[in-house]
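What follows is a short report on a single structure.
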Amino acid sequence: MTASNQRFREFKMPDVGEGLTEAEILKWYVNVGDTVSDGDVVCEVETAKAAVELPIPFDGVVHELRFPEGTTVDVGKVIISVDTDPQAGPAEAPAQAAAPAAAPAAEEPEPAGRQAVLVGYGAAPSSTKRRARKTSGGPAASALAAVQSELNGRGAPVAPETTAPAATPVAARPLAKPPVRKLAKDLGIDLATVVPTGPDGIVTREDVHAAAQPAAAPAVEAPAEAPVSAARETRIPVKGVRKATAQAMVASAFTAPHVTEFITVDVTRTMKLVQELKTDPDMAGLRVNPLLLVAKALLVAIRRNPDVNAAWDEANQEIVRKDYVNLGIAAATPRGLIVPNIKDAQAKTLPELSEALADLVTTAREGRTSPADMQGGTVTITNVGVFGVDTGTPILNPGESAILALGAIRLQPWVHKGKIKPRHVTTLALSFDHRLVDGELGSKVLADIAAVLEQPKRLMTWG
C-alpha cells in the first residue's frame, strides 16, 4: 500500500446488534470536507431492531460518503472514508502502466494491466473489449478526454472537436467514483453524456441527478391518463423494524401453538390506589398509571406460578425456565412496533418499576431504544386499552411463553355487594405457548393477575 493510500481510512458498517446483516442509513451528520475526531457521531442507521448512532473511530477529514441517506447497506461494507493527513496535500493516483493507442470508433480495447482510477479504488485487469460510447462533443467532453489522457499517460490532450460528434473516435472513459457509476446505471444515464463539474473533470452525484431530471420532467403536452388505481395507492417499503416485526410475528404464529384466555375484572380498587399513589411522597415525580400496577400484578402471578416464565428450546427439546423476569412492554413507534424489556423486573420496588417503565416508553417513542434493551425478554405486556380497545388475542414475542393484553378501563354497570353500581371494569387476555403452558397453568396465571387488580392489597400479602 502506498503512503497516499494509507492516508485514507475506511469505516465499515458494523453489526450493531447480534447477527444483523444490514442497516439503513437514516441521516448523515457530516459532509465531505468536515473535520471529525475519534468518537464523533457521523450518522444514524436503522437496523431490524432499533435506530443507532455510529461514532467514527479515528480523526481526520471526511473524504467520501459512500452511500446516500435511505440506502440499505450490508454489514461489512465501507460507508465513509476519512483522510487522516489532510495537510499532506492532494493524494497522487496509483502508478499506471502505459495504455495502448485508441482503437477505431467502432470498438475500444481496455488498457492492458491496471487502469487509472481514483484514490481508494482499484480496477481489476481486463482483456475484454467494449463498444465505444457516444459523446456529445464540445469543450466539456474535450476537457474530460484531456484529463483522462493525462492520467493514463497517453500523451497530449485531445484537441477540441470541430466536426460532427458522430465522426469523433472515443478513447476516454468518464471519470466517476463507483457509487456514482452505480447511481447512473440505476437511473439509466450514460456517463459519457453527463457534463462533469467535479475537480479534474470528475462526474459527481449531483451531475448524474441533473442529467436525469430532464428525462424525468413531464412533457409539455398533457400526459395520458394514469390508471385510477395507481393514483389511489401508496406503496410503503417494508424494511427496518417493521420488516423484522413482520417476520418475527409470522414465525411466532406458525411455530408456537397459541392459546388465548380472557377474563373481565372489576378494577375499581386499583384505580383508587393509582390516585392515592400519585400523592404519595415516595412516588413524587414518578409516573403512576394502571399499567404500573398491572405490571406488578403480573410479576406477582409469575412468582406464584414460575413455570409460565419459560421458553421452548426446539433444538435441544427442552423447556428452559427463567429464574428472572425481563418484562417486555410493547411500544408503538413511528418506525413500527418494538418490545424493549425491563431487566430483572422481579427485583424492583414499585418506585423503581415506575421509573424503569417511564424511561423505557420515553426512549422507545424517541426512537433511541438500543438492541440490547430488546433482547432477552421473558414475558410481555401489550396495552391496547390506550387505543380504546377492549381486548385482543396478542401474538407471542418470539422466545417467550406468555403475553398479557390490557384492555380499556371503562365505567360499567357491575354487580357489587348485591347491587348494580358503576364500577371500573377491564378485560385481560393472556396468550401462551401451549407446548409448555397448559390450560391449568395459563388459567392460574390469568386468575392471579385479575385477583390482584380486584384486591390490590394482595400485592402485599402475595408479594
Side-chain angles (χ1 to χ4, degrees), residues 10-17 19-34 36 40-57 61-82 118 120-121 176-191 194 197-198 202-218 230-231 233-248 331-338 363-371 374:
E10 298 176 331
F11 180 52
K12 299 178 180 180
M13 177 69 75
D15 178 1
V16 295
L20 298 178
T21 60
E22 63 183 19
E24 177 188 354
I25 298 176
L26 295 179
K27 182 176 180 62
W28 283 108
Y29 294 123
V30 295
N31 294 309
V32 173
D34 290 351
V36 293
D40 287 351
V41 174
V42 294
C43 68
E44 181 183 21
V45 302
E46 181 183 27
T47 69
K49 296 183 177 180
V52 181
E53 292 181 335
L54 299 182
I56 198 77
V61 173
V62 177
H63 176 251
E64 182 184 9
L65 305 179
R66 297 287 180 90
F67 298 96
E69 295 176 357
T71 304
T72 299
V73 182
D74 291 339
V75 169
K77 282 193 174 182
V78 176
I79 59 174
I80 181 174
S81 63
V82 173
L118 299 174
Y121 296 92
K177 298 177 182 179
V180 177
R181 293 187 184 279
K182 182 178 185 304
L183 175 63
K185 180 180 179 181
D186 293 342
L187 295 179
I189 301 298
D190 185 353
L191 283 177
V194 179
T197 62
I202 296 174
V203 178
T204 66
R205 183 179 297 275
E206 290 72 21
D207 297 337
V208 174
H209 282 301
Q213 285 178 358
E233 294 178 350
T234 301
R235 293 183 175 269
I236 302 173
V238 179
K239 54 186 178 180
V241 173
R242 193 178 300 275
K243 179 179 179 180
T245 300
Q247 293 172 343
T333 73
R335 294 190 177 97
L337 179 69
I338 63 173
T363 302
R365 288 176 178 171
E366 293 175 351
R368 302 299 177 188
T369 303
S370 68
M374 292 187 287

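What you see is a predicted model; the values in this text were computed from it and never measured.
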Is Val82 close to His63 at the side-chain level, that is, under 4.5 Å between some pair of heavy atoms? no
Which pair of non-hydrogen atoms, one from Phe67 and one from Val78, has the smallest distance, and what is that distance? CE1-O, 3.1 Å
Thr333 side, atom OG1; Arg365 side, atom CZ - distance, nearest 0.5 Å: 10.5 Å
Could you tell me whether the side chain of Trp28 reaches within less than 4.5 Å of the side chain of Leu65, counting heavy atoms only? yes
For the residue pair Val61 and Val36, establish whether any side-chain heavy-atom pair is separated by less than 4.5 Å. no
Nearest-0.5 Å distance, SG of residue Cys43 to NZ of residue Lys27: 11.5 Å
Glu44 and Arg368, any side-chain heavy atoms less than 4.5 Å apart: yes
Would Thr369 and Met374 satisfy side chain to side chain contact (heavy atoms under 4.5 Å, CB included), going step by step from the backbone distance to the final call? CA-CA 8 Å; Thr369 303; Met374 292 187 287; 3.8 Å; yes
Which pair of heavy atoms, one from Ala211 and one from Val194, lies closest together, and at what distance? CB-CG2, 3.9 Å
Applying side chain to side chain donor-acceptor pair (under 3.5 Å), can you list everything that pairs with Thr197, at least two apart in sequence or on another chain? Asp207
Close side-chain approach of Lys12 to Ile79, heavy-atom, < 4.5 Å: no
Nearest-0.5 Å distance, OG1 of residue Thr71 to CG of residue Leu26: 11.0 Å
For Ile80 and Val30, run side chain to side chain contact (heavy atoms under 4.5 Å, CB included): C-alpha distance rounded to whole Å, both residues' side-chain angles, the deciding distance at 0.1 Å, then the answer. CA-CA 10 Å; Ile80 181 174; Val30 295; 4.1 Å; yes
Calculate, to the nearest 0.5 Å, the distance between atoms CD1 and CG belonging to Ile56 and Asp34 respectively. 12.0 Å
Contact between Phe11 and Leu54 at the side-chain level, heavy atoms closer than 4.5 Å - yes or no? yes
With a 4.5 Å limit on heavy-atom distance, are the side chains of Met13 and Ile25 in contact? yes
Spacing of Glu24 atom CD and Thr72 atom OG1 [to the nearest 0.5 Å]: 4.5 Å
Under a 4.0 Å N-O cut-off, is there an ion pair linking Glu10 with Lys77? no
